[in-house]
Peer 1: 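Have a look at the structure that comes next, please.
Reckoned from all heavy atoms, side chains included, excluding hydrogens, waters and symmetry mates.
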Amino acid sequence: MNTTYSFQIYNSTSLLPLEWNSLADNNIFLTREYLEILENSSPVNMICHFIGIFDKEDLLGIVLTQFLFAEKLESFGERDQLGIPEQTEQFIPE
């Protein structure tokens with residue numbers, strides 16, 4: 001048996017193949033419409049890729065990947081705003 005599988009990575013939902021939704025019919029989170037909303041409202045530290053898996057020219061699988069970059073996260077509150085000297089002063093006796 002000799003099959004030719006390949007994949008294509010799409011960086012935008014506008015580039016998805018027309019038959020994409022035919023494979024997402026049982027999962028709303030993989031539909032083109034949902035992915036467009038995700039693409040337009042995702043946080044700054046998230047990058048989405050949409051992957052089509054093909055057997056020759058036929059789309060037979062779809063995948064969503066989400067990469068999160070922790071270094072792009074904002075501070076989590078007042079504790080992160082304190083400098084090291086300010087934090088340690090309370091523990092050093094006078």
Peer 1: Taking side-chain hydrogen bond (donor to acceptor under 3.5 Å, both in side chains) as the definition, give me every residue that meets it alongside Thr13, ordered by chain and number, with sequence neighbours left out.
Peer 2: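 In terms of side-chain hydrogen bond (donor to acceptor under 3.5 Å, both in side chains), with neighbours along the sequence ignored, Thr13 is linked to Glu39.
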Peer 1: CG/Leu35 to CG/Asn40 distance, rounded to the nearest 0.5 angstrom?
Peer 2: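 So the CG of Leu35 and the CG of Asn40 are separated by 11.0 Å.
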Peer 1: What's the separation between atom CG in Leu15 and atom OH in Tyr10, rounded to the nearest 0.5 Å?
Peer 2: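 It is 8.0 Å, given to the nearest 0.5 Å.
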Peer 1: Rounded to the nearest 0.5 Å, what separation is found between the CG atom of Leu68 and the OG atom of Ser42?
Peer 2: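 Leu68 CG to Ser42 OG: 9.5 Å, rounded to 0.5 Å.
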Peer 1: Between Leu16 and Ile53, is there shared hydrophobic-cluster membership here, with clusters defined by ILVMFWY side-chain heavy atoms closer than 4.5 Å?
Peer 2: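 Cluster IDs for Leu16 and Ile53 differ.
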Peer 1: Tell me, do His49 and Asn11 make a side-chain contact under 4.5 Å, heavy atoms counted?
Peer 2: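 Yes. Closest side-chain heavy atoms under 4.5 Å.
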Peer 1: Is there a donor-acceptor pair closer than 3.5 Å between any side-chain N or O of Trp20 and the backbone N or O of Leu30?
Peer 2: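 At least one qualifying donor-acceptor pair exists.
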Peer 1: Strictly distance-based, threshold 3.5 Å: is any side-chain N or O of Arg32 a donor or acceptor partner for the main-chain N or O of Glu19?
Peer 2: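 The answer is no, because no donor-acceptor pair under 3.5 Å joins these two groups.
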Peer 1: Go through the structure and list residues passing side chain to side chain contact (heavy atoms under 4.5 Å, CB included) with Gln66, not counting sequence neighbours.
Peer 2: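 Result, side chain to side chain contact (heavy atoms under 4.5 Å, CB included) vs Gln66: Leu38, Met46, Cys48, Leu64.
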Peer 1: Measuring only between side-chain heavy atoms, which start at C-beta, is Ile47 closer than 4.5 Å to Phe69?
Peer 2: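 Yes; the side chains approach each other to less than 4.5 Å.
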Peer 1: Hey, could you give me the CG/CZ distance between Asn45 and Phe67, rounded to the nearest 0.5 Å?
Peer 2: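 Rounded to the nearest 0.5 Å, the CG-CZ separation comes to 13.5 Å.
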Peer 1: Nearest 0.5 Å please: distance from the CZ atom of Phe7 over to the CG atom of Leu60.
Peer 2: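 Going from CZ on Phe7 over to CG on Leu60, the span is 13.5 Å.
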Peer 1: How far does CG of Leu18 sit from CG of Leu59, to the nearest 0.5 angstrom?
Peer 2: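 Between atom CG of Leu18 and atom CG of Leu59 there are 10.5 Å.
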